[in-house]
Amino acid sequence: MQTDNDLPTQMEMNRLAVSDLSSQQMDVSTTTLISHWDDSESDLSTQQTDVATSALMNPLLLNLIFSYMDAPTLKKSVRPVCTLWADLGAPFLGGKTTQTYSEQLGCGMYTPEITGVASFHSKLVRNVKLVASTCPCEWSERLPENFVAVLPNIARHLEEIEVKIGSSFLHGLHKMWESHRFTNLARISITVLSSYDENGRWILAGSSYPTMGNVTMISVIMGDQYNPNTDGMAASICQKLLNAAPNLVEVEVKANFYLDFAPCKKLTRLTYKFVQFVDFATHEPTEVMDLGKIAEMLTPCRDSLAELSLYYVGPDGGHDDDVPQTLSLPSFPNLTRLTISCMDGYFRHLGDCLYTTHLPALTHVKLAASDKESLTLTLPEMFEHFRQPHVGIVSLDVDAAYDGEAENVAAAAVMVRLFPAVTKLQLKLTISEDLNSVALRRLKETLRNLAPWELTSALVEVQNVKSSGVVLATMQGLARWKGLAHTEVRLCGKVGAVLVPGDAVKAILLTCREVKLVKMSGFLIKGRDKFQGFIDANRLPITLSE
């Protein structure tokens with residue numbers, strides 16, 4: 001039996017009631033808080049999903065991401081995701097790939113071989129390569145049919161067109177430029193591979209091509225040196241393209257025709273290669289290059305040109321020494337880089353035009369005798385007509401023959417006088433004669449006369465080396481150069497040449513140990529292993545290769 005003392009007091013009963021109520025309220029609050037937390041977390045997750053989905057469908061963000069992806073990723077991982085990604089990824093994939101359309105018709109074939117996709121997203125085709133040729137007994141004026149069919153849909157998206165065709169397709173090419181508007185086209189390359197018909201000589205009259213304001217580069221190359229019949233129509237097409245491209249910056253022409261660059265007010269880079277066409281049977285030149293027309297052609301763009309390269313492409317001995325011509329360049333106030341190659345062709349008669357007041361901005365000059373092995377132009381001939389110096393030229397690249405004559409020694413001194421500020425030099429000398437002891441001494445003196453230049457970068461290459469004497473004379477000539485530590489030397493032996501690295505050769509190599517690098521190639525080296533041991537023991541910067 002409970003006593004009164006065992007019964008809880010009223011105060012204790014009240015305390016227990018409050019405690020129980022508080023416990024119940026806490027359980028309710030905790031349940032409510034957890035419920036609110038779950039709801040907030042669910043809302044946050046939903047918001048994050050919405051944000052991620054919105055970002056993945058944002059064209060501005062996607063365009064930025066797609067621009068960094070390579071072609072395989074765009075093709076296999078991006079465009080299959082959804083229609084939006086397929087549409088946005090198409091231009092980027094098109095910019096990294098080239099669609100080729102080809103039509104080839106060989107002898108005995110009734111139908112041409114045609115390649116090229118006919119159905120696709122129009123934005124996928126931004127770069128197009130067009131190849132079309134026929135056999136001598138069949139030709140067509142039409143471009144490949146599948147290309148013509150898709151052209152209306154892709155013309156406005158194209159950014160680059162590369163064309164390699166036979167001359168018979170020039171008609172179709174002309175109609176293409178005449179009939180379509182290429183509003184985004186930036187680069188045009190045309191190569192005429194061969195000529196079998198007589199139509200190529202025609203000159204196209206009629207309307208001009210629609211303006212192509214985005215075109216900045218045009219290249220036209222005549223690939224068949226043995227048939228000049230293509231020149232007329234190709235010249236007309238090229239001139240019409242120049243007229244239709246007011247923002248043209250760069251032009252490359254390899255042809256037998258001359259152009260009017262008056263419409264090209266923004267032209268800054270021009271490469272002109274004159275093709276000396278020759279008769280197929282006799283290999284005799286069919287037309288003489290007119291250096292007066294070359295100068296006339298260059299005059300309209302004299303204020304805009306910053307880089308000019310002139311080449312002569314023809315057979316050995318194709319120039320006519322009986323009709324001497326002198327190329328006198330017009331004044332170019334903004335020209336910084338000048339290349340004149342194949343000077344042993346018509347450009348061997350270069351007038352006195354490389355001086356400061358005539359070409360005030362000029363800094364880089366390249367003068368090359370020839371792109372063939374049988375070059376004949378020597379340093380004295382190359383600089384024969386130069387009289388006035390140019391103090392702004394800092395980079396000089398010279399490629400000439402060396403014949404061992406005394407005039408070479410004086411020519412080297414003339415080079416230093418004409419261009420006293422040169423700090424970067426590339427000199428290539430090709431030995432054209434068997435050199436006796438006197439000629440070898442002159443080679444040493446020729447190189448020694450270039451020592452006054454304060455060179456920060458130099459490359460000296462001697463080709464067709466036949467003996468150890470040339471190696472010895474070359475290194476002796478370089479020994480006093482101020483920029484020897486910045487000079488690379490390449491000694492290239494003639495096939496079958498034997499190099500005997502005797503005591504004199506080893507001594508001069510030790511003297512020139514400061515040189516940046518010496519590469520010896522093409523020699524049969526007597527005592528090769530022993531010579532390599534000498535190089536290794538003295539830690540000389542010399543490499544040997546077959």
If only atom types and distance count, is the side chain of [X] paired as donor or acceptor with the main-chain N or O of [Y] below 3.5 Å?
X: His390; Y: Leu359; value: yes
X: Asn464; Y: Ile431; value: yes
X: Asn214; Y: Thr183; value: yes
X: Asn184; Y: Arg156; value: yes
X: Ser432; Y: Tyr402; value: yes
X: Gln388; Y: Thr356; value: no

List the atom of [X], the atom of [Y], and the distance in Å for their closest heavy-atom pair.
X: Asn243; Y: Pro263; answer: OD1-CG, 3.1 Å
X: Phe523; Y: Leu491; answer: CE1-O, 3.3 Å
X: Val275; Y: Asn256; answer: O-ND2, 2.8 Å
X: Pro246; Y: Thr211; answer: CD-CG2, 3.9 Å

Given side chains that start at C-beta, do those of [X] and [Y] come closer than 4.5 Å, heavy atoms only?
X: Leu338; Y: Leu329; result: yes
X: Phe257; Y: Gln239; result: no
X: His364; Y: Thr336; result: no
X: Thr423; Y: Ser457; result: no
X: Leu354; Y: His358; result: no
X: Ile221; Y: Lys273; result: no
X: Leu429; Y: Leu443; result: yes
X: Glu461; Y: Cys492; result: yes

Check your understanding: For Phe147 and Met176, what are the C-alpha separation, side-chain angles and deciding distance, and is it a side chain to side chain contact (heavy atoms under 4.5 Å, CB included)?
Key -> CA-CA 11 Å; Phe147 175 73; Met176 181 188 79; 3.6 Å; yes
Rounded to the nearest 0.5 Å, what's the gap from [atom1] on [X] to [atom2] on [Y]? Could you check?
X: Leu427; Y: Leu396; atom1: CG; atom2: CG; result: 8.5 Å
X: Leu151; Y: Leu158; atom1: CG; atom2: CG; result: 7.0 Å
X: Ile161; Y: Leu185; atom1: CD1; atom2: CG; result: 5.0 Å
X: Thr216; Y: Leu248; atom1: OG1; atom2: CG; result: 7.5 Å
X: His174; Y: Lys240; atom1: NE2; atom2: NZ; result: 6.0 Å
X: Met212; Y: Asn247; atom1: CE; atom2: CG; result: 11.5 Å

ring-ring contact (aromatic ring centres under 6.0 Å, His included) against [X], all qualifying residues, sequence neighbours excluded:
X: Phe182; result: Trp177
X: Phe261; result: none
X: His180; result: none

Review point. Does the pair Leu259 and Val220 meet the rule for a side chain to side chain contact (heavy atoms under 4.5 Å, CB included), with working shown?
Key: CA-CA 11 Å; Leu259 294 166; Val220 176; over 6 Å; no
Exercise for review: If the plane angle is over 60° it's perpendicular, under 30° parallel, otherwise tilted; pick one for Phe419 and Phe386.
Suggested key: perpendicular
Exercise for review: Before giving the answer on side chain to side chain contact (heavy atoms under 4.5 Å, CB included), spell out for Thr378 and Glu407 the whole-Å C-alpha distance, their side-chain angles and the decisive distance to 0.1 Å.
Suggested key: CA-CA 9 Å; Thr378 62; Glu407 290 79 6; over 6 Å; no
Side chains of residues 297-308: which donor-acceptor partners sit under 3.5 Å, not counting sequence neighbours?
{"from": "Thr299", "atom 1": "OG1", "to": "Ala295", "atom 2": "O", "distance (Å)": "2.9"}
{"from": "Arg302", "atom 1": "NE", "to": "Ser331", "atom 2": "O", "distance (Å)": "2.8"}
{"from": "Arg302", "atom 1": "NH2", "to": "Ser331", "atom 2": "O", "distance (Å)": "3.2"}
{"from": "Ser304", "atom 1": "OG", "to": "Leu267", "atom 2": "O", "distance (Å)": "2.6"}
{"from": "Ser304", "atom 1": "OG", "to": "Cys301", "atom 2": "O", "distance (Å)": "3.4"}

Review point. Thr339: what forms a side-chain contact (heavy atoms from CB on, under 4.5 Å) with it, not counting sequence neighbours?
Key: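 With sequence neighbours excluded, Thr339 shows a side-chain contact (heavy atoms from CB on, under 4.5 Å) to Ser309, Tyr311, Lys366, given in chain and number order.
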Practice item. Could you verify whether a donor N or O on one side chain and an acceptor N or O on the other, from Glu252 and Ser219, lie under 3.5 Å apart? Key: yes
**Study point:** Between Asn408 and Asp403, a side-chain donor and acceptor under 3.5 Å
**Key:** yes
Review point. Applying salt bridge (charged side-chain N to carboxylate O under 4.0 Å, His left out), which residue pairs with at least one partner in residues 417-435 are found, sequence neighbours left out?
Key: Asp434-Lys466
Practice item. Would you sort out whether Arg387 and Asp352 count as a side chain to side chain contact (heavy atoms under 4.5 Å, CB included), showing the intermediate values? Key: CA-CA 6 Å; Arg387 298 289 183 273; Asp352 183 23; 3.3 Å; yes
